[in-house]
Amino acid sequence: MPPKSNQPSNLELQVLSVLWESGASTVRDVLAALPDGKARAYTTVLTVMQNMEKKGLLTRSRQGSAHVYAPAESQRQTLKPMMQTLLRNVFGGRVSTVMQHLLEETDVTDAELTEIRRLIDQRKKSKSAK
């Protein structure tokens with residue numbers, strides 16, 4: 001886990017989300033896939049990703065003449081401390097309150113509801129097996 005001072009910014013989280021979804025990618029690929037849709041210069045994203053490498057959030061390798069970046073840690077490793085902090089500080093540690101908020105404040109598809117139910121059932125089975 002990166003040290004607390006290396007917690008990703010919002011833009012860095014977007015970069016990481018692209019890399020977790022797409023796998024190792026070039027700066028140009030990440031720029032094209034950033035989820036917020038804002039117009040950004042190539043050099044802006046390049047600088048952010050270079051800084052992320054210095055912070056230990058990304059690794060860089062060469063493929064031909066291109067630099068390819070990948071997350072240094074899995075999505076789970078990166079997000080776990082952030083989610084625990086959010087759960088504790090914003091929702092008083094109550095998972096049900098988080099779920100209630102997400103269900104009320106976001107557009108959840110039927111497929112997502114089915115997946116949520118499956119995850120809950122899976123969690124129940126694993127807890128009862130212990």
Side-chain angles (χ1 to χ4, degrees):
M1 173 178 83
K4 189 169 185 145
S5 63
N6 285 354
Q7 288 295 314
S9 69
N10 288 337
L11 181 54
E12 290 171 345
L13 282 171
Q14 289 185 61
V15 168
L16 286 167
S17 74
V18 169
L19 295 172
W20 287 322
E21 180 73 23
S22 303
S25 303
T26 64
V27 174
R28 195 163 309 284
D29 294 335
V30 171
L31 174 62
L34 286 172
D36 70 1
K38 290 182 181 177
R40 290 190 175 85
Y42 172 89
T43 54
T44 300
V45 177
L46 172 63
T47 300
V48 167
M49 291 176 71
Q50 288 171 333
N51 289 336
M52 290 174 72
E53 181 186 11
K54 289 176 188 170
K55 289 170 71 173
L57 295 169
L58 298 180
T59 61
R60 181 182 64 174
S61 61
R62 278 185 94 65
Q63 286 185 359
S65 62
H67 287 230
V68 176
Y69 291 85
E73 294 184 330
S74 71
Q75 185 176 26
R76 184 178 191 152
Q77 289 171 307
T78 302
L79 296 182
K80 184 177 180 178
M82 296 172 65
M83 295 299 292
Q84 289 173 333
T85 299
L86 181 70
L87 177 64
R88 182 181 59 249
N89 294 345
V90 177
F91 297 99
R94 293 179 304 278
V95 175
S96 61
T97 305
V98 174
M99 291 304 301
Q100 178 183 4
H101 182 76
L102 287 171
L103 292 170
E104 290 175 354
E105 302 301 327
T106 59
D107 293 326
V108 182
T109 66
D110 288 342
E112 289 170 321
L113 286 172
T114 299
E115 179 64 8
I116 290 167
R117 283 186 192 102
R118 185 191 69 75
L119 292 168
I120 291 169
D121 291 343
Q122 181 182 354
R123 179 69 174 176
K124 278 182 178 179
K125 286 179 187 174
S126 69
K127 286 192 84 114
S128 65
K130 289 182 180 179

Residue pairs, two or more places apart or on separate chains, that pass salt bridge (charged side-chain N to carboxylate O under 4.0 Å, His left out) and touch residues 89-106 = none
Considering all heavy atoms, the nearest G56-A72 contact | O-CB, 3.1 Å
For L119 and R123, run side chain to side chain contact (heavy atoms under 4.5 Å, CB included): C-alpha distance rounded to whole Å, both residues' side-chain angles, the deciding distance at 0.1 Å, then the answer.
-> CA-CA 6 Å; L119 292 168; R123 179 69 174 176; over 6 Å; no
V98: what forms a side-chain contact (heavy atoms from CB on, under 4.5 Å) with it, not counting sequence neighbours?
-> L87, F91, L102
Please collect all salt bridge (charged side-chain N to carboxylate O under 4.0 Å, His left out) contacts where either partner lies in residues 57-69, sequence neighbours excluded, each pair once.
-> E53-R60
If you look only at pairs with a residue in residues 31-46, which of them pass as a salt bridge (charged side-chain N to carboxylate O under 4.0 Å, His left out), with sequence neighbours excluded?
-> D36-R40
Is there a path of hydrophobic side-chain contacts, each under 4.5 Å between heavy atoms of I, L, V, M, F, W or Y residues, that connects M83 with V90?
-> no
Of all the heavy-atom pairs spanning Y69 and Q50, show the shortest one and how long it is.
-> OH-CG, 3.7 Å
For A32, what residues pass the side-chain contact (heavy atoms from CB on, under 4.5 Å) criterion, not counting sequence neighbours?
-> none
Residue list, side chain to side chain donor-acceptor pair (under 3.5 Å) with T114, at least two apart or on another chain | none
Output all residues satisfying side chain to side chain donor-acceptor pair (under 3.5 Å) with T109, sequence neighbours left out; order by chain, then residue number.
-> E112
Tell me, please, which residues at least two apart from R118 pass salt bridge (charged side-chain N to carboxylate O under 4.0 Å, His left out).
-> E115
Out of curiosity, K125 NZ to I120 CD1, how far, rounded to the nearest 0.5 Å?
-> 13.0 Å
Same cluster or not: are M82 and M52 linked, directly or through other Ile, Leu, Val, Met, Phe, Trp or Tyr residues, by side-chain heavy atoms under 4.5 angstrom apart?
-> yes
Drop me the distance from L57's CG to T78's OG1, to the nearest 0.5 angstrom.
-> 7.0 Å
Shortest non-hydrogen separation from G23 to S25 and the atoms involved | O-OG, 2.8 Å
Across all chains, not counting sequence neighbours, the side-chain contact (heavy atoms from CB on, under 4.5 Å) partners of A24 are V68, A70
Quick one: pull up CD in Q75 and CG in L13 and give me the separation to the nearest 0.5 Å.
-> 10.0 Å
Can you tell me how far the CD atom of E12 sits from the CG atom of L58, to the nearest 0.5 Å?
-> 8.0 Å
Nearest heavy atoms of L46 and V27, plus distance in Å | N-CG1, 3.7 Å
Quick one: list whatever passes side-chain contact (heavy atoms from CB on, under 4.5 Å) with S74, sequence neighbours left out.
-> R76, Q77
Determine whether more than 12 heavy atoms belonging to other residues, nucleotides or ligands lie under 6.0 Å from atom CG of N89.
-> yes
Quick one: CG on L34 to CG on L11, what's the gap to the nearest 0.5 Å?
-> 6.5 Å
Kindly write out the residues that satisfy side chain to side chain donor-acceptor pair (under 3.5 Å) with D29, not counting sequence neighbours, or none if the list is empty.
-> T26
Give the minimum heavy-atom separation between I116 and L103, together with the two atoms involved.
-> CD1-CD2, 4.3 Å
